[in-house]
Amino acid sequence: QVQLVESGGGLVQPGGSLRLSCAASTTIFSMLNMGWYRQAPGKQRDLVATITSGGTTNYAESVKGRFTISRDNAKRTVYLQMNSLKPEDTAAYYCNVHLGSTNYWGQGTQVTVSS
């Protein structure tokens, strides 16, 4: 059983920045590949970024050059630094880990980009 708790969402103006955090309860956090997804109202949940246990990162084309995923294994936390935010980035953002046969999700944190 893994618990994921996201934080850091909010309302920001276009061009602004936010940093999301996801704290994981598992002691094997450093061995896990982690991901961030987002879901806008009426749309499917889409992959935003992933980071492997070794630190290799991958990004959706729509966020490349603007978002950065990172991790702190000592704090069992994965981050998503979001810069140059656009209205189309508005969504609920979810932390994810796949462990064994189970996909774990956090409760989500809302990001709204609006002037």
Side-chain angles (χ1 to χ4, degrees):
Q1 186 83 8
V2 178
Q3 289 188 324
L4 303 172
V5 179
E6 300 101 334
S7 61
L11 173 64
V12 63
Q13 292 186 342
S17 297
L18 283 174
R19 189 177 81 155
L20 307 183
S21 300
C22 170
S25 63
T26 177
T27 57
I28 61 168
F29 175 82
S30 64
M31 300 170 61
L32 301 176
N33 301 331
M34 303 295 298
W36 283 99
Y37 288 72
R38 67 186 180 186
Q39 187 169 19
K43 295 188 176 182
Q44 67 181 18
R45 191 170 295 187
D46 292 326
L47 178 67
V48 176
T50 60
I51 184 166
T52 68
S53 57
T56 300
T57 59
N58 185 54
Y59 298 93
E61 285 295 325
S62 60
V63 307
K64 278 184 180 178
R66 300 188 298 122
F67 290 11
T68 302
I69 188 171
S70 61
R71 65 191 299 157
D72 185 333
N73 289 334
K75 295 182 178 179
R76 301 176 190 172
T77 299
V78 61
Y79 303 99
L80 186 67
Q81 177 67 43
M82 305 186 295
N83 299 328
S84 302
L85 282 161
K86 303 176 181 180
E88 51 264 43
D89 295 317
T90 295
Y93 283 71
Y94 298 90
C95 184
N96 169 268
V97 63
H98 187 82
L99 182 59
S101 60
T102 304
N103 226 358
Y104 294 95
W105 298 94
Q107 83 287 353
T109 186
Q110 179 67 36
V111 172
T112 302
V113 185
S114 175
S115 55

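Here Leu47 contributes atom CG and Ser62 contributes atom OG; the two are 9.5 Å apart, rounded to the nearest 0.5 Å. Rounding to the nearest 0.5 Å gives a distance of 6.0 Å between CZ of Arg76 and OG1 of Thr27. Between the CG atom of Leu11 and the OG atom of Ser115 there is a distance of 9.5 Å, given to the nearest 0.5 Å. Separation of atoms CG (Asn33) and CZ (Arg71) is listed at 7.0 Å; rounding is to 0.5 Å. Of the inter-residue distances, the one linking Thr26 atom OG1 with Gln1 atom CD reads 10.5 Å to the nearest 0.5 angstrom.
Cation-pi geometry between Arg19 and Tyr79 is met: under 6.0 angstrom from the ring centre, within 45 degrees of the axis.
A donor-acceptor contact shorter than 3.5 Å is absent between the side chain of Gln39 and the backbone of Ala91. Counting only distance, with no hydrogens or angles, the side chain of Asn58 and the backbone of Ala49 share no donor-acceptor pair below 3.5 Å. Formation of a donor-acceptor pair under 3.5 Å by the Thr90 side chain with backbone atoms of Val113 is found in this model. Between the side chain of Tyr59 and the backbone N or O of Gly65 there is no donor-acceptor pair closer than 3.5 Å.
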Review point. Would Asp89 and Met82 count as a side-chain contact (heavy atoms from CB on, under 4.5 Å) if you check the C-alpha gap in whole Å, the side-chain angles of each, and the deciding distance to 0.1 Å?
Key: CA-CA 9 Å; Asp89 295 317; Met82 305 186 295; over 6 Å; no

Practice item. Show the numbers, then the answer: is there a side-chain contact (heavy atoms from CB on, under 4.5 Å) between Val63 and Arg38? Key: CA-CA 12 Å; Val63 307; Arg38 67 186 180 186; 4.0 Å; yes

Exercise for review: Using the side-chain contact (heavy atoms from CB on, under 4.5 Å) rule, take Leu20 and Glu6 through it: C-alpha gap first, then chi angles, then the decisive distance, then the call.
Suggested key: CA-CA 7 Å; Leu20 307 183; Glu6 300 101 334; over 6 Å; no

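Note on ring orientation: taking the six-membered ring where Trp is involved, the planes of Trp105 and Tyr94 are perpendicular (angle over 60°, cut-offs 30° and 60°).
Linking ILVMFWY residues whenever their side-chain heavy atoms come closer than 4.5 Å, directly or via other members, places Ile28 and Ile51 in the same cluster. Criterion: ILVMFWY side-chain heavy atoms under 4.5 Å apart, direct or through other members. Under it, Phe29 and Leu99 are part of a common hydrophobic cluster. In the hydrophobic clustering of ILVMFWY residues, with side-chain heavy atoms under 4.5 Å counting as a link, Tyr37 and Val2 come out apart.
Shown here for Ser53 and Ser30, the closest heavy-atom pair between the two residues is CB-O, 3.3 Å.
For the residue pair Ser17 / Asn83, a side-chain donor-acceptor distance below 3.5 Å is found, with atom types taken as modelled.
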